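Here the structure comes first, spelled out in structure tokens, and everything after it is commentary.
Everything numeric here is computed off the predicted structure, so don't read it as measured data. Order of the sequence lines sets the chain letters (A, B, ...), proteins ahead of strands, with each chain counted from 1.
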Amino acid sequence: MQPESEGASGSDWRRLHPLSPLLRAGRFGLIVLYALLEVAEELAGAEVAGGFFFAAAVAGALAYSWLAWRAAGYRIGPEELEIRGGVLQRFGRRVPLARIESVDVARPIFARMLGLADVRIEVVSQGASEAHLRYLSEARAEAVQAELVDARRAATGQPPAPNHLGPPTLSPPAPMLQVPTRELLVAYALTPIASFGAVASLLIFVIALISTKGGLVATGLSLIPLPAAALASAANIERFYGFRILDEGDALVIHRGLLNLQTQRIATGRVQAVRIDEPFLWRRFGRARLLVDVAGYRGASGETAARSAVLLPVGPPEVVAFLMAAIELKIDVPALGFEPVPDRARWRAPLRWKTYGLAQAAEHLVTRSGWVRRRTDIVPLAKLQSTRVTQGSWQRRLGLATLHLDTAGVQFAPRARHRDASQAAELAVATTLPPQPSEWPSNLSGHP
Amino acid sequence: MWTVRVFARPVARSLPTMDIRTFDAGATWQGIAPEARTVWRAGGLIGFGLVGLIGVAALLAGGAAVAASVWAATSLTATVNWWWMSERRYRAWGYAQREKDLLIRRGLLIRRLTVVPYGRMQFVDVRQGPIARRLGLADVELHSAAAATNATVPMLAEDDARRLADRLTALGEAHAAGI
């Protein structure tokens, strides 16, 4: 095994601090030890034997943590960062240096008490894909942070993203867009939940009237579904009251709320996918809702920016088109021709097969589904991370498959269901991505 | 009119491909290591076998004979089924390295095909469970910016796994830089 102790420099494997496995076990380990002590006392029936058992358990834990320390290590190579570890299940992770988004040094409370720190390497802005070097002494952690930043700069010629959300604006500009309250009230009284609640209460009223022949009882029963529906509508109205958007150049800032004022910031370059929701009653009046899925971002203090945001709670098609242009999505949805699914899909999805559609624009893939709430998902090819085709056993017999479009967003799962199997597979392998100069530029307003 | 359409077009037509597993894309497909079956079978033996032993122990201890024998019989069936299915699972896995992307196919009941372009790769994981390590096998996991990307090639021979991970890392770099 390598003879280096914690802190030896060089391009070879380096160790973490010896206390790391114990710290990582953390509270869980303490609970386990306590449980073992209880079990030992039960089994042995005598304090001495229980204590012996407990000592054996502690020795076992120490031995395991020594093994874990020996197995773990990290290495900063010329092109990549390599981390390895594991006693029973070994793992090795290789992160190309150019993919490192930011390097933070975090000091969780127990680590801080021991003078250790956690180097957090954010690889993907999703917040869930991070690599950790747990734990190093504080001095070493900061040295490694500096080293990684230098190495990344050497690998790409750019420093990693700064941990702030852009320069503050001097004076608040006039809002780019404002949703009238009347529109909001009418629209959210007509959502499917509200309309179904109204229909349900009417039905219950009629049934109760027929069966009990008592008007008062009927009225009382019919009022049961109303509160739930009314609450849902009221909650939405409260969320989007006074909705207005300010344009800050590389980001859109949303102010909304009645009781609970909220501000959301959406970096236009970070929009992964866009969804247009059109409930059936809204379609009659030409209204739609626009949502965006944004790759999450975790700043130094641990907050996460908007992940899935409503960009427009209700609005006519012109406003939807205007907003899509504002987030740099050059696509004209009403002009798209959606390909339907093959007829044989009726055997697999008899109620919904007619509502499925797929459209390929020059730089986007668009899927559509649903009637009660028609959902149109728009995925720019530049944000498409991977494609998957899945085929269940019924789909296999009918020659159908579902095409999944994976993006870095976490809220939507755009997919084209029950397409012709060969078409889906061809599309999955042939979707050519437009050339990108660099996948991860340093400024936050860039991709993804 | 609707009825006429149903009869005018037959449900089953000859299509280029119906089953995702047979989709070729003109690439050379490689399989995973044959020892994968051994790993899965050993895991199944340990898992189901241990569970079945509880039933046998209960039988011997004179407990509820019916319940215990049902338990033992079920786990025996499960072990045998797992043993037999390992062969089919092994054959269902395949991967193909194309010029710009990696294709992975898997699945028996639900057939899946994953396409990950090299330029979208974030990092590569190589994992080894304890049994796999003994037999010299490793799993290679490819991660993109999407959480849903599930691109794992399991149970490759260690050298193949390392070579694949190296190659993917290099290709990821090259494609990200726009070369």
**Request:** Evaluate the side chain to side chain contact (heavy atoms under 4.5 Å, CB included) criterion for residues A:Phe91 and B:Gln128: first the C-alpha distance (whole Å), next the side-chain angles of each, then the deciding distance (0.1 Å), finally the verdict.
**Result:** CA-CA 6 Å; A:Phe91 78 89; B:Gln128 277 183 311; over 6 Å; no
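Interface remark: B:Leu168 contributes no atoms to any contact with chain A (heavy atom separation under 4.5 Å). Interface residue A:Ala428: backbone and side-chain heavy atoms are both found under 4.5 Å from chain B. Residue B:Arg133 touches chain A through its side chain alone, counting heavy-atom pairs closer than 4.5 Å. Looking at B:Asp139, there are no atoms closer than 4.5 Å to chain A (heavy atoms on both sides), in backbone or side chain. Heavy atoms closer than 4.5 Å to chain B are found in the backbone of A:Leu97, but not in its side chain. In this structure, chain B has no heavy atom under 4.5 Å from any part of A:Glu82. Both the backbone and the side chain of B:Leu109 come within contact range of chain A, judged by heavy atoms closer than 4.5 Å.
For the side-chain hydrogen bond (donor to acceptor under 3.5 Å, both in side chains) test, residues two or more places apart in sequence or in another chain that qualify with B:Arg163 are B:Asp160.
Atom CD of residue A:Glu80 and atom CZ of residue B:Phe123 lie 13.5 Å apart, to the nearest 0.5 angstrom. With rounding to the nearest 0.5 angstrom, the CZ atom of B:Arg127 is 13.0 Å from the CZ atom of A:Arg90. Distance check, rounded to the nearest 0.5 Å: CZ of A:Arg94 to OG1 of B:Thr169 gives 5.0 Å. Between atom CG of residue A:Asp406 and atom OG1 of residue B:Thr114 there is a gap of 8.0 Å, rounded to the nearest 0.5 Å. Here the straight-line distance linking atom CD1 of B:Ile20 with atom CD of A:Gln391 works out to 4.5 Å at 0.5 Å rounding. Atoms CD1 and CZ, from B:Ile104 and A:Arg388 in turn, are 11.5 Å apart once rounded to the nearest 0.5 Å.
Interface remark: of the candidates A:Gly392, A:Gly86, A:Ala424, A:Gly392 forms the most heavy-atom pairs closer than 4.5 Å to chain B. When the candidates B:Ala138, B:Ala27, B:Ala148 are compared by the number of heavy-atom contacts under 4.5 Å with chain A, B:Ala148 comes out ahead. If you tally non-hydrogen atom pairs under 4.5 Å between each of A:Leu88, A:Leu81, A:Val95, A:Val389 and chain B, the highest count goes to A:Val389. Here B:Thr149 is the residue among B:Ile131, B:Leu103, B:Thr149 with the most heavy-atom pairs under 4.5 Å with chain A.
Across A:Arg396 and B:Leu108, no two heavy atoms sit closer than the pair NH1-O, 3.5 Å. The minimum heavy-atom distance linking A:Gln385 with B:Pro117 is given by the pair O-CD, 3.3 Å.
For residues 41-50 of chain B, an interface with chain A (any heavy-atom pair closer than 4.5 Å) does not exist. For residues 32-39 of chain B, an interface with chain A (any heavy-atom pair closer than 4.5 Å) does not exist. Of all residues spanning residues 78-102 of chain B, those with a heavy atom less than 4.5 Å away from chain A's heavy atoms are B:Arg98, B:Asp101, arranged by number.
No donor-acceptor pair under 3.5 Å is formed between the side chain of B:Arg120 and the backbone N or O of A:Ser386.
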